[in-house]
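Given the structure is predicted, the values throughout are model-derived calculations rather than measurements.
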Amino acid sequence: MSRTGARRALVLAMAVPVASATLAGTSAFAADSTPTTASQAVAAGGLDADDAQLVKNLTERVADARLGSDVSGVVLDADSDTALWDHNGSTALMPASNAKLVTATTALTLLGANHEFTTKVVYGDGTLTLVGGGDRTLTGDDLAEMARTAVDGLKAAGRTDVKVRVDDSLFAEPTLATGWNEGYYPTEVAPVRSLVVDGAAVQDTALDAGKVFAEKLTAAGVTVDGEVARATAKGSDVPVAQHRSAPLSRIVKQMLKTSDNNIAETLLRMTAVEMGKPATFEGGIELVRQVLSSYGISLDNFAMYDGSGLSRADRIPAATLAQLLDSITEVPTLASILEGLPVAGEAGSSLGPEWGRFDDAVSKCAVGKVHAKTGTLTGAIALSGVTRTDDGEWRIFSFIENNSTAAPSDIKDAMDGLAATVNGCWA
């Protein structure tokens, strides 16, 4: 087994709770925008009967009227890194939340799986300042703990009152990304700030967090003077409390399972901050392009303007997403991405029964067998992931459709059927 094959076997074994597989191969995948028929595939690559049938089935089923005419797909054999099937794979389409796979890969590659984000409280001139550190998973309980620590110090110094300020200057002032509209705020995504508590869907998450912190201070026995306001901490301020987030690997898994837009945008910003780039959409996307290039992934027809995939200007070909997943399976430090992929039929995830996924006659056979990132916008639905056949063969796939006039639930059923086809349970 090659080193690449050994790494991939390790990563897939970590990510998917099934028997281990022997995987090998290092050749780069090159997308072909021309749909491949079963006979062409057999002639070109010598496919066995099962793979030839897979190609035939996919070629027929991608023509499902529910998917419309603006649809693309790519399926790779993970053992050999080669394309089994390609239908318009290099076409630039809106990826929706499949873009989160790119954001996660960039953050983990540059920051590392064990990276943590730190929220601080500093004191100076009768003021406690809550300093945001880009932890989108900060909770009210975390603030309560920091408040108790801060109050212990205040009381030891003989103080029973304090002003409260918030410092979210780590990020640039929030703006709309290219392809966003103000209607996204604050339910689809909140203005991107470095301080938030309990994932609050509000316009000013920093001031909201400051008010929660003030409440925790009051509950701990200190009087808060005046209103909470925004201010930049001074270099002379004394640190009095801090909270470290869970490791990045765990945050990535949470983001992918629930398709959390806010975590994605925060990770894009924090990656830029840690790498010395401007804490803006543009600063993060510059790093995205560098990371994809470092893995040998083509940037042809690639355009990305945010970290979540909410932008209607984003364009990522199915071939690029397939290449990305192929690279992810080869790098152990990216294992949390595979671990975070929703599993068909998994309650609480974006592929759960509450979303009506993998619940019809042709796709329910793939429950528990398909691990994939969903993506849904008006006019765009995507599904990219990995699956293992009954014969133990790993398959990587990406499907994207734009502009279908069918109902979203019908489009998703058709796409789930394609994934079940890749798995082989819908033969």
task: Tell me, please, whether Trp426 has Arg61 positioned over its six-membered ring: NZ or CZ under 6.0 Å from the ring centre and within 45 degrees of its axis?
output: yes
message: Is any side-chain heavy atom of Val196 closer than 4.5 Å to one of Leu138?
response: no
query: Is the side chain of Ser97 donor-acceptor paired with the backbone N or O of Ser259 at a distance under 3.5 Å, no angle test?
result: no
- prompt: Got a sec: does the CD of Gln203 have more than 12 other heavy atoms crowding it under 6.0 Å?
  reply: yes
query: Are the side chain of Asp314 and the backbone N or O of Tyr305 linked by a donor-acceptor pair below 3.5 Å?
result: yes
- prompt: Going by the angle between their ring planes, with limits at 30° and 60°, are Trp180 and Tyr184 parallel, tilted or perpendicular?
  reply: perpendicular
message: Pair Leu324, Val102 - check side-chain contact (heavy atoms from CB on, under 4.5 Å), show working.
response: CA-CA 8 Å; Leu324 178 65; Val102 179; 3.8 Å; yes
message: Could you tell me if the side chain of Leu130 sits less than 4.5 Å from the side chain of Thr119, heavy atoms only?
response: yes
Partner of Arg230 under side-chain hydrogen bond (donor to acceptor under 3.5 Å, both in side chains), chosen from Asp167, Asp204, Thr129: Asp204
query: Would you call Phe302 and Val288 a side-chain contact if the rule is heavy atoms closer than 4.5 Å?
result: yes
- request: Identify the residue among Thr105, Thr329, Val331 that makes a side-chain contact (heavy atoms from CB on, under 4.5 Å) with Ile337.
  value: Thr105
task: Determine, stepwise, if the pair Leu248 / Glu116 fulfils side-chain contact (heavy atoms from CB on, under 4.5 Å).
output: CA-CA 6 Å; Leu248 176 58; Glu116 298 170 338; over 6 Å; no
- prompt: Is a side-chain N or O of Ser336 found less than 3.5 angstrom from the main chain of Glu339, in a donor-acceptor match?
  reply: no
- prompt: Given Lys277 and Glu286, is the salt bridge (Lys or Arg N to Asp or Glu O under 4.0 Å) satisfied, shown in steps?
  reply: CA-CA 9 Å; Lys277 300 293 183 180; Glu286 179 183 345; 2.9 Å; yes
field: Inter- and intrachain pairs under disulfide (SG to SG under 2.5 Å), touching residues 349-383, at least two apart
entry: Cys365-Cys425
- request: Taking the side chain as every heavy atom from C-beta outward, state whether Asn261 and Ile263 have any pair of such atoms under 4.5 Å apart.
  value: no
query: Is a donor on one side and an acceptor on the other found under 3.5 Å between the side chain of Asn98 and the backbone of Lys373?
result: yes
- prompt: If you count the non-hydrogen atoms of other residues, nucleotides and ligands that lie under 6.0 Å from CD in Gln242, is the total more than 12?
  reply: yes
query: Quick one: CG on Asp77 to CZ on Arg395, what's the gap to the nearest 0.5 Å?
result: 4.5 Å
message: Donor-acceptor check, side chain of Asn402 to backbone of Met94, threshold 3.5 angstrom: yes or no?
response: yes
query: salt bridge (charged side-chain N to carboxylate O under 4.0 Å, His left out): which pairs involve residues 347-366, sequence neighbours left out?
result: Arg357-Asp416
message: Going by ring-ring contact (aromatic ring centres under 6.0 Å, His included), name the residues that satisfy it together with Phe358, two or more places apart in sequence or in a different chain.
response: none
query: Side chain of Ser349, backbone of Glu346: donor and acceptor closer than 3.5 Å?
result: yes
Selection residues 297-345 - residue pairs positive for disulfide (SG to SG under 2.5 Å), sequence neighbours left out: none
query: Cationic tip of Arg136 within the cone over Phe117's six-membered ring, i.e. under 6.0 Å and within 45° of the normal?
result: no
message: Please enumerate all residues that pass side chain to side chain contact (heavy atoms under 4.5 Å, CB included) together with Ser294, with sequence neighbours excluded.
response: Val291
ring-ring contact (aromatic ring centres under 6.0 Å, His included) involving Phe171 - partner list, sequence neighbours excluded: none
query: Quick check: does any side chain N or O of Asp142 sit under 3.5 Å from a backbone N or O of His243, one acting as donor and the other as acceptor?
result: no
message: Strictly distance-based, threshold 3.5 Å: is any side-chain N or O of Arg269 a donor or acceptor partner for the main-chain N or O of Ala279?
response: yes
task: List the steps, then state whether salt bridge (Lys or Arg N to Asp or Glu O under 4.0 Å) holds for Glu401 with Arg66.
output: CA-CA 10 Å; Glu401 73 76 26; Arg66 293 173 294 179; over 6 Å; no
